[in-house]
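Notes follow the structure.
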Amino acid sequence: MSGNNRILFVGSECFPLIKTGGLADVMGALPLALESYDVDVLTLLPGFPAIKKGLKSAKKVGTLPAIAGGNVTLMKGTSSTGQEILVADAPHLFDFEGNPYLDARGEDRKDNGPRYAAFAKIAADVAQGLAFKWKADVVHAHDWQAGLTAAYLSLAKGKKPRTVFTIHNLAFQGLFPKRLLSSIGLPEHMFSQDGLEYWDKISFLKAGIVYSDVVTTVSPTYAREIQTDEGGMGLGGLLKKLNHKLHGIANGIDTETWDPFSDPALPEPYSARRVAGKKAAKKALQERFGLDPASKGPLFGVISRLTDQKGLDLVAGALPHIVGNDAQLVVLGSGDKNLEQAFMDSAKQHPGIVGTFIGYDETLAHQVQAGSDVILVPSRFEPCGLTQLCAMRYGSIPLVARVGGLADTVIDASAAALKHGQGTGIQFSPVGFDQLITALDRAMSLYQTEKTWVQIRRNGMKEDVSWAQPAAAYHSLYQ
Ligand code: ADP
Ligand code: GLC
C-alpha cells in the first residue's frame with residue numbers, strides 16, 4: 001500500500017466516551033497506537049448521548065438519508081484523548097442513556113437487531129464515500145454490533161474497501177430472528193449455512209466472520225480455542241475451516257492511562273524502580289474499605305464484570321480460605337445479581353477483611369489495581385483480558401486461569417521459571433475450585449517470601465504490555 005491508508009474503525013463503545021468492558025479499551029487505544037504508522041484511522045461510533053457529549057470540536061461532515069426510517073448526520077470531532085471520532089448521529093436509533101445493549105433490568109434491549117444492523121449499514125456507506133468525500137481502504141469492524149458491515153459491503157458494486165473483523169468475545173453472537181432479514185435490506189440468499197444463518201437465526205457475529213477478508217481475535221491461544229467444539233460456541237467448525245484467514249493478536253493496554261507514575265487516582269506515584277508508593281496505595285485502599293491494616297497476608301483484588309465467564313463464583317466459594325489465612329479481598333464489579341449479593345454479603349459477614357463495591361467506577365479500578373497485591377482473574381474462558389495486563393503494570397501479581405489471552409500474557413512463576421529469572425504471575429488449570437485453592441495457597445506462600453515476591457513483581461512491571469507490538473501486527477495485516 002502506498003501513501004497514507006485510510007482505516008475505518010467500527011465499534012459500539014470507545015474509552016473514554018462510553019465503556020462497558022475491554023472492547024472500549026481497545027477501540028480507544030489501538031487507533032492512537034497506529035498513529036506512528038502510515039495510516040489514518042477514523043473511528044465510527046453510534047451517536048449515543050454520552051458519546052455526543054464527550055466529543056470536542058464536533059462538525060457536521062455528511063449525511064445519509066433514510067437509514068432504518070430516519071436520516072443520519074455524520075459528525076466529526078475528537079475525544080479527550082485526541083482520537084478522531086466520527087459519530088453517527090441518528091436520534092431514531094441511538095437516543096437513549098445507559099448500557100448500549102441492555103435495559104435497566106439487564107435484559108437485551110428490544111430493538112438491538114435493527115439498531116446495530118443500521119449501524120453496520122452506516123459504516124458500509126461511509127466506507128464507500130457515500131456520506132462525504134472520504135473512502136476507506138480498510139474497514140476494521142469489531143464484535144457482533146459491527147458484524148454486518150462486511151455483509152453490506154459484500155453487496156456493493158465497484159471497488160470497495162478490504163475488511164477486517166475482530167472477535168472480542170465469541171459468547172456474544174448477536175442472534176436475531178430470521179424475519180429481520182428483509183427489513184434490514186439483506187437478500188434471502190445470505191440466510192444460509194455458508195452465510196449468516198446460525199441455527200435458523202441471523203448471527204451478526206457469523207456475518208462478520210464469513211464476509212470479512214481477514215478475521216482476528218484478541219490472543220493466539222483464543223484463536224486456537226475457538227476452532228474447537230469445546231471453545232467454538234457452535235462456530236468451531238466454521239472457524240477451523242476458515243483458519244487461513246484467522247489471526248490471534250493479543251491486546252495491549254494504554255500505558256498512559258494506566259501508569260502508576262502519573263495516575264491521579266493514586267496517593268503517591270510509583271514505578272518499577274521506585275515502588276515504595278505502592279504501599280501507600282494499599283493503605284488507602286484498606287482505609288476506603290475499612291480493612292485491617294495489620295493483616296499479614298496479601299490483599300486480593302477483583303475488577304470485573306460479574307458473569308459466568310469470569311469464574312468469580314469460584315472466588316466467592318473460596319472466601320473462607322482467604323478469610324482463614326489472614327488475607328483480604330476487595331471486589332469491584334457488577335453483573336449477575338446472585339454474585340453481586342454474594343460479595344455484598346461477604347463484606348457484611350467479614351468486616352475488616354472483605355470490601356465490596358457493586359457498580360462501575362473507573363477511578364476505583366485504578367485504585368484497586370494499585371492497592372492490591374494480587375489481581376484474581378479465574379475466567380472459564382478469556383479472549384484476551386486486560387486486567388491482568390494492568391495488574392502487571394501496577395506491580396500487582398496476576399493470578400489467572402490458564403485459558404485464552406491469560407495463558408498468553410502471564411508467565412507462571414514456577415520454580416523452574418524463577419530459577420531463570422522468569423515468572424510474572426500465577427496460573428492454574430483446569431478451571432476448578434480445588435485448583436483455585438491451590439493457586440491461592442501458592443500466592444499466599446510466595447507473598448511470605450519477600451525476595452521472590454519482589455522478583456515476580458519486578459518482572460511483571462518490566463513486561464511490555466503496551467500497544468506497540470500489537471499495533472505493528474495489525475499494521476502488517478492491513479497491508
Ligand atoms: P471484558 O471486556 O470481558 O469485561 P477485559 O479484562 O478485557 O474484560 O476488560 C475489562 C475492562 O473493564 C478493564 O478495563 C477493567 O478495568 C474494566 N472494568 C471491569 N469492571 C469494572 C468496574 N466494575 N469498574 C470499573 N472498571 C471495570
Ligand atoms: C472482550 C473479552 C476480553 C477482551 C476484550 C477486549 O470483552 O471478554 O477478554 O480483553 O474483549 O478485546
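Order of appearance sets the numbers: ligands from 1, and atoms from 1 within every ligand.
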Which atoms of ligand 2 sit under 4.0 Å from any heavy atom of [X]?
{"X": "V218", "result": "12 (O)"}
{"X": "P383", "result": "2 (C), 8 (O), 9 (O)"}
{"X": "V26", "result": "6 (C), 12 (O)"}
{"X": "E382", "result": "2 (C), 3 (C), 8 (O), 9 (O)"}
{"X": "Q309", "result": "8 (O)"}

Counting from 1, what ligand 1 atoms have a heavy atom of [X] closer than 4.0 Å?
{"X": "G333", "value": "23 (N)"}
{"X": "R305", "value": "1 (P), 3 (O), 4 (O), 20 (N)"}
{"X": "I303", "value": "16 (O), 18 (N), 21 (C), 27 (C)"}
{"X": "L386", "value": "5 (P), 6 (O), 7 (O), 9 (O)"}

One residue to check: C390. Relative to ligand 1, which of side chain, backbone, both or neither has a non-hydrogen atom less than 4.0 Å away? neither
Check each of C384, S334, G359 against atom 23 (N) of ligand 1 and report the one with the nearest heavy atom.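 Nearest option to atom 23 (N) of ligand 1, by heavy atoms: G359.
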Which is closest to atom 25 (C) of ligand 1 in terms of heavy atoms, L364, D361, T387, T20? D361
When you measure from the side chain of [X] to the backbone of [Y], do you find a donor-acceptor pair of N or O atoms at a distance under 3.5 Å?
{"X": "E268", "Y": "K278", "value": "no"}
{"X": "T424", "Y": "I411", "value": "yes"}
{"X": "D336", "Y": "T307", "value": "no"}

What protein heavy atom is closest to [atom], reported as residue, atom name and distance in Å?
{"atom": "atom 12 (O) of ligand 2", "answer": "H168 ND1, 2.7 Å"}
{"atom": "atom 12 (O) of ligand 1", "answer": "K19 CE, 3.6 Å"}
{"atom": "atom 13 (C) of ligand 1", "answer": "D25 OD2, 3.6 Å"}
{"atom": "atom 10 (C) of ligand 1", "answer": "G22 N, 3.7 Å"}
{"atom": "atom 27 (C) of ligand 1", "answer": "Y360 CE1, 3.4 Å"}

Heavy atom of H168 under 4.0 Å from ligand 1? no
Contact check, K310 vs ligand 1, heavy-atom distance below 4.0 Å: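 K310 counts as a contact of ligand 1 under the 4.0 Å cut-off.
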Under a heavy-atom criterion of less than 4.0 Å, does G385 contact ligand 2?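 Judged by the 4.0 Å heavy-atom criterion, G385 does count as contacting ligand 2.
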Return a yes/no value for [X]: is any of its N or O atoms, backbone included, closer than 3.5 angstrom to an N or O of ligand 1?
{"X": "E362", "value": "no"}
{"X": "G21", "value": "no"}
{"X": "W258", "value": "no"}

With a 6.0 Å cut-off on ring centres, are Y447 and W453 close enough?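 Aromatic pair counts; centres sit under 6.0 Å.
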Considering only NZ, NE, NH1 and NH2 on the basic side and carboxylate oxygens on the acidic side, decide whether K282 and D373 come within less than 4.0 Å. yes
Is R380 salt-bridged to D313, cutoff N-O under 4.0 Å? yes
Classify the ring geometry of F119 against F94: parallel below 30°, tilted from 30° to 60°, perpendicular beyond 60°. perpendicular
Which class fits the ring pair Y394 and W258: parallel under 30°, tilted 30 to 60°, perpendicular over 60°?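 Perpendicular: the ring planes of Y394 and W258 meet at over 60°.
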Lys/Arg cation over aromatic F357: R288, 6.0 Å, 45° cone: yes
Determine whether Y474 and H140 satisfy the following criterion, ring-ring contact (aromatic ring centres under 6.0 Å, His included), listing intermediate values before the conclusion. CA-CA 10 Å; Y474 280 108; H140 188 167; 5.5 Å; yes
Does a donor on one side chain and an acceptor on the other come within less than 3.5 Å for R115 and N112? yes
Does a side-chain heavy-atom distance below 4.5 Å link [X] with [Y]?
{"X": "L406", "Y": "Q427", "answer": "no"}
{"X": "Y198", "Y": "L235", "answer": "yes"}
{"X": "M27", "Y": "E13", "answer": "no"}

Is it the side chain (CB and beyond), the backbone, both or neither of N251 that lies under 4.0 Å from ligand 2, heavy atoms counted? side chain
